[in-house]
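Below you'll find the structure, written out as structure tokens, and then a few comments.
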Amino acid sequence: MRHGTTSGARQETRVGPEAARRRSFAVISHPDAGKSTLTEALVLHAHAITEAGHINGKSGRRHTVSDWMEMEQARGISITSASLQFSYRDAVINLLDTPGHADFSEDTYRVLSAVDAAVMLIDAAKGLEAQTMKLFAVCKHRGIPLLTVINKWDRPGLDALALMDEITERTGLNPTPLTWPVGVAGDFRGVLDRRTGTYLRFTPSAGGAHVAPEEILDPDAAAAREGAAWTTAVEESELLGASGADHDTDSFLAGISTPVLFASAVRNFGVHALLEVLVDLAPSPGPRTAVDGVPRALDDPFSAFVFKMQAGMDTSHRDRLAFIRVCSGLFERGMVVTSARTGRPFATKYAQQAFGRERTVVDTAYPGDVVGLVNGSDLRVGDTLYLDRAVEYPPLPTFAPEHFAAVRAKDAGRYKQFRRGIAQLEAEGVVQVLRSDLRGDQAPVLAAVGPMQFEVAEHRMATEFTSPVTLERLSYTLALRTTREWVAALDAERGVEVLHRDDGVMLALFPDSWRVTSVRRNHPGAVLEPPVAA
Ligand code: G4P
């Protein structure tokens, strides 16, 4: 059943223009690079909120909105946010949240299947850090255009040209700075806007509590004001130009180059420029290609896929949210859509937007938007939903787990609850569940990308599924896919164990890469492949 056909028909004609206004992106960074600060500053700047301090989930910081789980509160981390929508100029910006702590999960990666662009946020003093590189690898694999923001320029840090070299060497991307700092890191005077040649002078505002005023000076005034610092910036900018580091839209969209901005998120500097660049340069949603290789046009009937499941956010309601990214058509709350996997109808009566604790009802949504569907327990990560004409999008990639733990019910009498809970966590993609005859069904192995997932699993098993568990951490760090004929040979190797997933994939677990090398030597023909899907 679809309601509101007249208004629906009118709104459907708006799908194309509405999709064109959307900019859906995520910030990828290492913890502490300033992602929460930047998020807050972007929203602040876009006037979506009137007071800073609303979005951040860090402990001790003003009002926090992303602290659903007790665990999050205790740790001051954000593990369950989803997306944030705000308008800027005539654009609608969807900022999808990637968990910002050291322990990340497959969710962090999956969010990148739902964005059209990403901002790589780098701490000027640290350069490219481990988590940024991991997330970058996913963006590269998916061909997601990347903008780069060098943050914390107000503090002593690396040399700007050296940072550009590091980006080139470690990511293979060609950095094309749009702005160039005047003054070294720690002596941030402002930036040279390389597109106009003007000087954007940095006038610090107190603690970033309001929008920083920006003063624009022409080159002569800039030279008079900043002297040698300006001359150096101009010379370095010319050097960049001569080495082909000027922005080029095609190579940015193709994932070959990355426009770079210099910023101080905590001082609100560079935030305005980032919003402008997102609106002017970042791509709007395009047609998504289905499993059969056919792209679904943006103005085709509604379709979306589930990129994230979230449960246990509100213990009093026991609700479960399935977050979908709209790929085509108009979403209207209340419409009944079909799940491509089960063929079953799904009523979208309760549709929400969730960021932190705040939730707002979503009545309509367009391609690029994120909607949280309540009561999504029939849905799984990767599921496609559609209206009218059937479509199915390719499954989301799974990523190689690096942490493993054998799980058991504390109370053997609660085995039914234990099984139900483990199955649910597996369906939601919180953990992968590996089994073997040797270990039996009572003690499967949980596998995760980040160890935090074990704490989530443990917490939910106790509170939500009423079957407290014990977890025994295993010393494996690597899982490689193998085939049935190799199981016996690999199982016989010291320190190696083969288990299987429910989808039939066999995974050989290793303590480290040295062991992989020696096993490969012993069994030259053994199939041992990374389990990362395309
Ligand atoms: P994250 O979400 O990426 O983990 O980082 P977050 O924004 O929480 O920032 C980490 C720390 O870096 C915070 O300091 C924050 O204030 C600081 N920071 C962020 N951007 C800038 C910047 O542009 N310049 C400088 N100098 N610092 C920046 P904290 O001490 O951990 O927290 P707080 O007490 O300041 O809130």
Side-chain angles (χ1 to χ4, degrees), residues 25-45 49 51-67 72-73 75-84 95-105 108 111 118-136 148-158 160 163 179 181 183-191 200 202-212 214 260-275 355-356 450 452:
F25 78 105
V27 177
I28 62 166
S29 65
H30 196 80
D32 275 346
K35 185 161 66 76
S36 320
T37 310
L38 180 69
T39 302
E40 191 176 336
L42 283 169
V43 178
L44 169 79
H45 212 99
I49 56 172
E51 199 192 337
H54 234 59
I55 301 305
N56 213 294
K58 283 284 168 118
S59 61
R61 229 191 249 170
R62 296 163 291 240
H63 170 59
T64 62
V65 292
S66 47
D67 55 356
E72 281 181 286
Q73 278 173 342
R75 296 205 171 195
I77 49 161
S78 151
I79 51 177
T80 49
S81 301
S83 84
L84 178 66
L95 171 49
L96 278 67
D97 194 32
T98 51
H101 48 77
D103 295 328
F104 58 92
S105 65
T108 317
V111 165
V119 170
M120 181 162 76
L121 184 67
I122 300 176
D123 182 329
K126 301 202 173 132
L128 286 161
E129 298 176 84
Q131 188 159 320
T132 320
M133 288 306 294
K134 280 189 177 184
L135 292 164
F136 164 75
T148 298
V149 172
I150 311 282
N151 191 30
K152 307 196 185 182
W153 202 255
D154 59 298
R155 280 216 312 228
L158 302 169
L163 276 163
T179 61
V184 296
D187 177 26
F188 196 8
R189 317 239 187 128
V191 292
L200 251 156
F202 168 38
T203 45
S205 76
H210 29 75
V211 176
E214 284 172 355
V260 181
L261 294 168
F262 286 79
S264 167
V266 82
R267 306 283 180 136
N268 271 321
F269 192 84
V271 174
H272 174 75
L274 177 58
L275 282 168
F355 196 85
M452 177 74 70

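For ligands, and for the atoms within them, numbers begin at 1 and follow the listed sequence.
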Subject >> Under the side-chain contact (heavy atoms from CB on, under 4.5 Å) test, residues paired with Ala160 that sit two or more places apart >> reply: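 Once residues adjacent in sequence are excluded, the partners of Ala160 under the side-chain contact (heavy atoms from CB on, under 4.5 Å) criterion are Trp153, Trp180, Pro181, Phe262.
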
Provide the number and element of each atom of ligand 1 under 4.0 Å from a heavy atom of [X].
| X | value |
| --- | --- |
| Pro31 | 4 (O) |
| Ser36 | 1 (P), 2 (O), 7 (O), 8 (O) |
| Asp32 | 1 (P), 3 (O), 4 (O), 5 (O), 10 (C), 12 (O) |

Original post:
Who are the side chain to side chain donor-acceptor pair (under 3.5 Å) partners of Thr179, not counting sequence neighbours?
Top reply: none

Subject >> Option nearest atom 25 (C) of ligand 1 (shortest heavy-atom distance, choices Leu121, Thr39, Asp154) >> reply: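 Closest candidate by heavy-atom distance is Asp154.
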
**OP:** Report the distance from atom OG1 of Thr148 to atom CG of Leu121, rounding to the nearest 0.5 Å.
**Re:** 9.5 Å

Original post:
Relative to ligand 1, is Asn151 under 4.0 angstrom through side chain, backbone, both or neither, heavy atoms considered?
Top reply: side chain

Original post:
Looking only at heavy atoms, is any part of Lys35 under 4.0 Å from ligand 1, and if so is it the side chain, the backbone, or both, or is it neither?
Top reply: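 Both backbone and side chain.
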
**OP:** Taking all non-hydrogen atoms of both residues into account, name the closest pair between Val260 and Ile150 and its distance.
**Re:**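 Smallest interatomic distance, heavy atoms only, reads CG1-CG1, 3.8 Å.
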
Subject >> Taking every non-hydrogen atom, the tightest pair across His30 and Thr132 >> reply: N-OG1, 3.2 Å

So, is [X] polar-close to ligand 1, with some N/O to N/O distance under 3.5 Å?
| X | value |
| --- | --- |
| Thr37 | yes |
| Ala265 | yes |
| Gly34 | yes |
| Ser29 | no |

**OP:** Check the angle between the aromatic planes of Phe188 and Phe202 and answer parallel, tilted or perpendicular using the 30° and 60° thresholds.
**Re:**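 Rings of Phe188 and Phe202: tilted, 30 to 60°.
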
**OP:** Check Val43, Leu274, Asn151 against Leu38 for a side-chain contact (heavy atoms from CB on, under 4.5 Å) and give me the one that passes.
**Re:** Leu274

